[in-house]
Amino acid sequence: MWERGRMDFIRTVIAKDLKTGKYGGRVVTRFPPEPNGFLHVGHAKAICLNFGIAAEHPGGRCHLRLDDTNPDTERAEYVEAMKRDIRWLGFDWGEHLYHASDYFERLYQYALVLIDKGLAYVDSSSEAEIRERRGSVTRPGVDSPYRDRNREENRDLFERMRAGEFPDGSHVLRARIDMAHANMVMRDPLLYRIRHASHYRQGDDWPIYPMYDFAHCLSDSVERVTHSLCTLEFENNREIYDWLLEHVDAPRPRPEQTEFAPLVLDYVITSKRLLRRLVEGGKVRGWDDPRMPTLAGLRRRGVTPDAIRTLCDMVGVARAHSRVGMDKLEFAVRDDLNHKAPRAFCVLDPLKVVLTDYPEEREQVFTAPLLPGDADTPGTRDLPFGRVLYIDRADFRENPPPGFHRLVPGGTVRLKYACVIRCDKVLKDGAGAVTELHCSVLDQERPGAETAVGPRVRGTIHWVRADRAVPVEVRLLDRMFTVAEPPTDDIVAAMNPDSERVIAGALAEPGVAGTPPGTHYQFERHGYFFSDPVDSGEGHLVFNRTVTLRDSWTERARPTGTSSPRHGTARSGRNGMDRDAGARHLAPEETLRTPGQRANFREVVSLGVSRAAAASLVRSQPALHLFHAARADYPDGAGSIADWLVNEVSRLVAATDGAGLELLEPGALSSLARAVDGGEFSHRQGRRIVEALITRGISFEEARASLDLTEIDDEAMLSAMLRQVADEYPEKLAAYQDGQHGLLGFFVGQVMRRSRGKADPRKANELAKGMFGPT
RNA sequence: UGGCCCGUGGUCUAAUGGCAGGACACCGGUCUUUGGAACCGGGGGUGGUGGUUCGACUCCACCCGGGCCAACCA
């Protein structure tokens with residue numbers, strides 16, 4: 001069974017927020033689908049994340065919020081389907097069912113606040129004009145002629161928009177931010193549009209509808225959500241999310257948006273737009289077609305909620321873009337169904353077998369377990385046996401490939417739970433196709449014996465008694481598309497023509513008769529099957545193949561030469577691309593673009609700064625000024641000042657969103673460099689000082705005084721600690737002395753830990769080398 | 001000469017600056033009345049180049065590669 005691993009980055013953030021009391025110990029997430037289609041595997045990841053996190057914390061909540069701000073596409077039946085699918089997955093929102101459309105009045109009031117603050121305006125441009133003036137990713141936009149309307153006019157217009165006085169498209173409400181903003185989302189985003197359409201819940205109450213960016217953050221805020229988790233494509237929208245909350249003075253603490261990578265499965269599309277196209281184009285049996293990646297389709301196919309949750313746990317939560325192979329879903333399904341699905345025999349492609357030496361009138365019934373012994377679940381089924389049987393055509397080969405373990409002319413095979421037979425004669429029709437096998441029973445004295453008393457055989461196959469078999473329809477489902485990444489422009493062409501193969505004449509063992517819809521079986525040696533909840537009934541049994549069994553035979557049966565090399569795989573990199581292709585290795589100064597930077601570079605290098613550091617330094621005017629100011633105090637330290645600036649300071653400045661640089665006094669920087677160069681402090685101590693300088697904005701002397709900068713450099717003490725570590729981890733020491741030199745860091749790390757960071761690592765390093773052997 | 005984000009075995013994902021680990025897949029073996037399951041074992045990885053550091057997957061710079069953004073959709 002699969003078990004979940006460690007914390008992902010989102011859970012880590014939440015744990016930290018809990019610790020710092022940022023949200024007063026509250027954890028409130030939300031799952032906010034738009035009810036314009038069916039939920040799919042991609043949503044499952046978000047559901048598992050949001051509801052999962054809520055369930056992990058006492059008092060945690062996850063809201064189900066229907067993000068229904070677009071009257072054109074949304075329908076009540078989709079809401080019901082979504083609720084059903086989420087419950088089926090095993091999650092519950094309790095009382096916390098919300099609709100963004102219920103906030104329309106509050107949202108409207110917030111819009112008025114923005115207008116009154118001069119931060120929103122009514123733009124009466126056409127859609128085309130707005131688009132044109134937005135500019136492009138490389139070109140700044142230009143202001144709308146309506147951008148400077150006064151508040152009264154804006155308010156009047158907006159109120160009349162709300163009153164329904166204007167036709168669709170005549171006006172929009174926009175935030176007044178910056179038409180030249182580098183982030184396109186911030187170029188005066190639209191807040192409201194006019195839409196005279198009937199909303200599935202609000203009817204005709206509203207002629208204006210809020211846009212996603214406006215509605216989403218405010219809905220989160222209204223619901224007092226703490227952690228607003230969404231997929232990566234909303235990264236650019238985080239800025240407007242925060243801007244709006246800030247400028248409507250949303251109550252604090254405010255919800256924070258965090259993005260994670262969506263679940264992208266190979267051979268699958270998860271775009272509601274494209275899925276709808278398949279449904280409406282009649283390419284599938286509906287939103288719940290067993291080939292569809294919708295939760296409804298997966299459910300109808302026989303995929304279990306447990307398997308989907310396992311899949312979500314397996315893929316984890318991270319920010320890296322990823323594609324997940326179907327193998328993981330298949331593993332999760334098999335892993336779950338293996339111990340749940342009762343076994344049955346089902347012959348997909350029947351081939352008649354007559355046991356010539358078995359009496360026609362004899363009625364023997366064998367007993368087989370419902371689940372194999374290793375599943376450890378009691379229960380049996382009856383398998384009637386007789387003279388005329390059917391086996392699967394694939395289990396007989398007249399000209400078997402090497403390694404074929406099943407029935408061949410003159411060969412033997414075990415009929416599972418029954419007896420061993422030998423194929424004596426092969427009957428064919430006029431076209432040469434095999435129609436019937438005549439066989440004899442070899443261990444008739446003890447048929448059905450538990451142990452292999454009879455002749456030794458390599459193969460064991462399933463079978464059904466001809467006159468007791470139950471006819472069933474079997475649907476063999478395969479991947480929906482022929483390519484892992486279906487093209488979004490023509491998905492119909494990319495569809496796998498064999499994504500559904502209907503087998504009308506399959507024959508199952510008698511116990512399968514009367515199977516109710518929605519029942520799992522493992523048809524032995526074939527895979528897991530599920531009686532179709534829609535099409536399967538009393539008189540007509542229909543089984544969907546959920547997934548095949550793992551099959552190590554077909555793999556090996558491939559003709560020699562096509563087996564791919566398993567070792568020494570050529571370095572190919574992610575997505576099959578060579579990521580180093582065309583890489584140019586430039587000297588540091590060659591990356592400088594302006595003549596000014598090059599001049600500064602030469603000057604800084606002449607002062608004793610390394611070329612690498614100089615190239616970084618001259619890119620930032622503030623850093624360069626700081627460098628020159630600090631250098632004046634400590635002319636000999638130009639090199640080390642630059643190193644501190646380039647490596648440590650820039651890191652901290654980035655971490656403080658750029659706020660840290662002004663806090664750093666040139667004098668502090670030069671003092672720091674001088675102290676470290678002079679041996680007063682180690683580099684390690686210097687790092688702690690510079691961190692205090694920047695994040696706390698204190699002086700060098702204050703930092704020196706407030707920090708506990710003592711360091712253990714007593715050799716005897718350090719040696720003792722190293723000895724202790726080595727004694728506790730003799731196997732590590734042995735491995736180190738055996739050549740695993742990376743373990744030196746382990747010993748030093750342990751000493752650092754035990755000394756609570758106070759040991760001098762450089763000295764510990766040297767001592768360790770001396771004690772445990774030279775590297 | 002746009003901004004932001006992201007690169008860890010084939011795939012997904014871990015590693016307060018201190019042992020590069022796990023899972024799926026793959027290969028081999030044991031066992032087996034499912035060529036299943038289970039069990040044991042194995043190979044294979046930090047995109048590149050410099051720099052900082054006693055020590056870099058982790059910090060800095062550049063390069064390479066990928067993603068998102070120019071709906072009155074969400």
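Quick note: numbers below take in every heavy atom, side chains included, and nothing from hydrogens, waters or symmetry partners. Remember, predicted model here, so these are calculated numbers, not experimental data. Letters A, B, ... mirror the listed sequences (proteins, then strands); counts begin at 1.
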Tell me whether the OP1 or OP2 atom of B:rU1 has a side-chain N or O from A:Thr138 closer than 4.0 Å.
-> no
Evaluate ring pair (Phe, Tyr, Trp, His ring centres under 6.0 Å) for A:Tyr209 paired with A:Tyr192, printing each intermediate quantity in order.
-> CA-CA 6 Å; A:Tyr209 288 88; A:Tyr192 271 91; 8.8 Å; no
Is there a side-chain polar atom (N or O) of A:Arg187 under 4.0 Å from OP1 or OP2 of B:rG2?
-> no
Test ring pair (Phe, Tyr, Trp, His ring centres under 6.0 Å) applied to A:Tyr528 - qualifying residues, sequence neighbours left out | none
Under the ring pair (Phe, Tyr, Trp, His ring centres under 6.0 Å) test, which residues partner A:Phe746, sequence neighbours left out?
-> A:Tyr729
Hits for ring pair (Phe, Tyr, Trp, His ring centres under 6.0 Å) against A:Phe31, two or more places apart or cross-chain, chain-then-number order -> none
Does any pair with a residue in residues 129-142 of chain A pass salt bridge (charged side-chain N to carboxylate O under 4.0 Å, His left out), and if so which ones, sequence neighbours excluded?
-> none
Has A:His405 got its ring stacked on B:rG35, by the test of a centre gap below 5.5 Å and a plane angle below 30°?
-> yes
Looking for any heavy atom pair under 4.0 Å, which part of the strands does A:Ala318 touch: base, sugar-phosphate only, or nothing?
-> sugar-phosphate
Output yes when A:Glu235 and A:Arg319 qualify as a salt bridge under the 4.0 Å nitrogen-oxygen rule, no when they do not.
-> yes
Would you tabulate the nitrogen or oxygen pairs shorter than 3.5 Å linking the protein to nucleotides 71-74 of chain B?
from   : atom 1 : to       : atom 2 : distance (Å)
B:rC72 : OP2    : A:Arg134 : NH2    : 3.0
B:rC72 : N4     : A:Ser125 : O      : 3.4
B:rC72 : N4     : A:Glu127 : N      : 3.2
B:rC72 : N4     : A:Gly169 : O      : 3.1
B:rC73 : OP2    : A:Arg193 : NE     : 2.9
B:rC73 : OP2    : A:Arg193 : NH2    : 3.0
B:rC73 : O3'    : A:Arg193 : NH2    : 3.3
B:rC73 : O2'    : A:Asn70  : ND2    : 2.9
B:rA74 : OP1    : A:Thr69  : O      : 3.4
B:rA74 : OP1    : A:Thr69  : OG1    : 2.7
B:rA74 : OP1    : A:Arg193 : NH1    : 3.3
B:rA74 : OP1    : A:Arg193 : NH2    : 3.1
B:rA74 : OP2    : A:Tyr212 : N      : 3.0
B:rA74 : O3'    : A:Asp67  : OD2    : 2.8

In terms of the nearest nucleotide of RNA chain B, which residue is placed more toward the 5' end: A:Arg619 or A:Arg334?
-> A:Arg334
Does B:rA71 adopt a syn or an anti glycosidic conformation, taking syn as a chi angle within 90° of 0?
-> syn
Check every strand shown and say whether A:Phe404 touches a base, only sugar-phosphate, or nothing at a heavy-atom separation below 4.0 Å.
-> base
Any residue meeting side-chain contact (heavy atoms from CB on, under 4.5 Å) with A:Arg762, in chain and number order, not counting sequence neighbours = A:Asp760, A:Glu766
Mind checking which stems touch RNA chain B? I mean at least 3 consecutive Watson-Crick or G-U pairs, both distances under 3.5 Å.
-> B:2-7 with B:64-69, B:10-13 with B:21-24, B:26-30 with B:38-42, B:47-51 with B:59-63
Within less than 4.0 Å of OP1 or OP2 of B:rC54, is there a side-chain N or O belonging to A:Arg762?
-> yes
Does A:Arg684 make a side-chain N or O approach to OP1 or OP2 of B:rC54 shorter than 4.0 Å?
-> no
Taking the nucleotide of RNA chain B with the closest heavy atom to each, which residue, A:Tyr528 or A:Ser136, is nearer the 5' end?
-> A:Tyr528
Residues two or more places apart in sequence or in another chain: which of them pass side-chain hydrogen bond (donor to acceptor under 3.5 Å, both in side chains) with A:His405?
-> A:Arg458
Set of side-chain contact (heavy atoms from CB on, under 4.5 Å) partners for A:Tyr267, sequence neighbours left out = A:Met326, A:Arg479, A:Ala484
Between A:Ser552 and B:rG36, is there a side-chain N or O to OP1/OP2 distance below 4.0 Å?
-> yes
